[in-house]
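Structure first, then comments.
Numbering of residues begins at 1 and proceeds along the displayed sequence. Indexing begins at 1, ligand by ligand and atom by atom, following the structure's order.
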Amino acid sequence: MSNTQDSQDILVHTEEGVCTITFNRAAKKNSFTEAMYTQMADALAAAKVDAGVRVVVFQGDIAIFSAGNDIADFLKQASTPGAMGADAPVWRFLQEVSAFPKPLIAAVCGPAVGIGTTLLLHCDLVYAGDNAAFSLPFINLGVCPEAASSLLLPQMLGYHRAAEALLLGEPFMAEAALEVGLINRVVPPSECNAVAQAQARKLARKPLSSLIETKRLMKGGQAKAVGERIVEEGAVFARMLREPAAKEALTAFMEKRHPDFSQC
Ligand SMILES: C/C=C/C(=O)SCCNC(=O)CCNC(=O)[C@H](O)C(C)(C)COP(=O)(O)OP(=O)(O)OC[C@H]1O[C@@H](n2cnc3c(N)ncnc32)[C@H](O)[C@@H]1OP(=O)(O)O
């Protein structure tokens with residue numbers, strides 16, 4: 001059975017038990033707006049309770065996974081009192097994705113920036129094209145980590161490698177991501193989405209109750225800590241977004257120049 005719900009920037013399509021969420025804003029490098037977070041959070045909330053969905057796949061296209069949060073949205077939120085509070089679409093999306101009970105798969109080609117990379121910490125299987133470039137540039141934006149990455153990255157990479165990734169904010173390629181265990185396999189970019197779909201179809205043929213219990217048992221131990229860290233990081237992130245370093249970094253990006261942090 002096939003069911004497709006299309007809107008412009010996020011495409012949601014369900015077929016044979018696999019719900020595929022496609023980022024479709026290539027002109028802005030699949031950066032996520034508030035409306036896109038809401039659509040994705042709604043899609044996950046629906047997939048969670050839909051017996052016809054057994055697996056969810058996130059994918060971009062062959063050249064770009066996601067450039068992370070939309071920078072123009074950040075600038076707007078930085079000057080809007082009360083914006084990015086606990087119920088903001090981005091935090092709602094992160095709570096949905098981090099607590100999602102069924103398997104999540106990602107197919108990553110090209111840049112995966114900010115939440116484009118931290119989202120992967122909540123996926124169960126990640127396949128990457130050899131052109132995938134991961135980055136956690138929070139430090140260069142004058143903000144702090146999100147998606148519980150301040151908790152999960154040190155656990156996954158070890159403290160020193162996590163500190164290098166988060167304190168320097170430099171991109172790393174697919175082979176390095178494979179070495180640290182952030183992804184499962186590196187594939188040719190032209191095959192990446194198909195590999196992820198094939199793995200999703202395999203999972204969709206397994207007993208759903210067993211998939212859910214296996215994931216819960218693997219992740220359940222720290223579900224509460226992850227949810228709490230997302231809230232804690234979110235509050236710090238929202239405060240920092242209004243401070244001079246973030247304003248300079250975000251304005252510099254929009255003006256296509258290097259930021260000057262000498263006064264921050
Ligand atoms: C809570 C969540 C937190 C986070 O996610 S923090 C992370 C925020 N994201 C970023 O800092 C990434 C910013 N973008 C980039 O660094 C680069 O882009 C890329 C490496 C992703 C790609 O570089 P290149 O291939 O040279 O493309 P281009 O010319 O920079 O971008 C093409 C068009 O896409 C727009 N764009 C790119 N990223 C964003 C973004 N994140 N928000 C809004 N627009 C974006 C540009 O401005 C431009 O647009 P025009 O053609 O109109 O000049």
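Taking the six-membered ring for Trp and the full ring otherwise, Phe65 and Phe58 have centroids separated by 6.0 Å or more.
When only interatomic distances are considered, the shortest N/O to N/O separation between Ile71 and ligand 1 falls below 3.5 Å. Close N/O approach between Val90 and ligand 1 is not found [any backbone or side-chain N/O within under 3.5 Å]. An N or O contact shorter than 3.5 Å links Lys29 to ligand 1 by distance. The distance criterion of under 3.5 Å between nitrogen or oxygen atoms is not met by Trp91 with respect to ligand 1. Any N or O atom pair closer than 3.5 Å counts here, and Ile115 shares at least one such pair with ligand 1.
The shell of residues lying under 4.0 angstrom from ligand 1, judged by heavy atoms, includes Phe74.
Of the candidates Gly114, Gly68, Ala67, it is Ala67 that places a heavy atom closest to atom 9 (N) of ligand 1.
Atom 33 (C) of ligand 1 lies below 4.0 Å from at least one non-hydrogen atom of the protein. For atom 25 (O) of ligand 1, the nearest protein heavy atom lies closer than 4.0 Å. Distance screen at 4.0 Å: atom 38 (N) of ligand 1 has a protein heavy-atom neighbour inside the cut-off. At least one protein heavy atom sits closer than 4.0 Å to atom 42 (N) of ligand 1. Atom 29 (O) of ligand 1 is never approached by the protein to below 4.0 angstrom, counting heavy atoms only.
Of all atoms in ligand 1, numbered sequentially from 1 with element shown, those under 4.0 Å from a heavy atom of Ala27 are 33 (C), 34 (O). Close approach to Asp70 involves these atoms of ligand 1, each under 4.0 Å from a residue heavy atom: 42 (N), 43 (C). Heavy-atom proximity to Lys256, at under 4.0 Å, picks out these atoms of ligand 1: 53 (O).
Between Leu151 and Glu233, the closest side-chain pair of non-hydrogen atoms is not below 4.5 Å.
Legend: residues meeting ring-ring contact (aromatic ring centres under 6.0 Å, His included) with Phe172, ordered by chain and number and at least two apart, are Phe134. Taking Glu179 as the reference, Arg161 meet the salt bridge (Lys or Arg N to Asp or Glu O under 4.0 Å) condition, with sequence neighbours excluded.
Leu241 contributes atom CG, which lies 11.5 Å from atom CZ of Arg239 (distance to the nearest 0.5 angstrom). In this structure, NZ on Lys102 lies 9.5 Å from SG on Cys19, to the nearest 0.5 angstrom. If you take SG on Cys109 and CG on Asp61, they are separated by 8.0 Å, rounding to the nearest 0.5 Å. Interatomic distance, Ile105 CD1 to Leu125 CG, rounded to the nearest 0.5 Å: 5.0 Å.
The side chain to side chain contact (heavy atoms under 4.5 Å, CB included) test with Pro145 is passed by exactly one of Leu152, Leu166, Thr118, Ile139: Leu166.
Under 4.0 angstrom from ligand 1, the non-hydrogen atoms of Glu146 all belong to its side chain. Looking at Leu141 against ligand 1, only its side chain comes within 4.0 Å, counting heavy atoms.
With respect to Asp9 and Lys28, no salt bridge is recorded, no charged nitrogen being found less than 4.0 Å from a carboxylate O.
Using modelled atom types and a 3.5 Å distance limit, the side chains of Arg92 and Thr38 yield no donor-acceptor pair.
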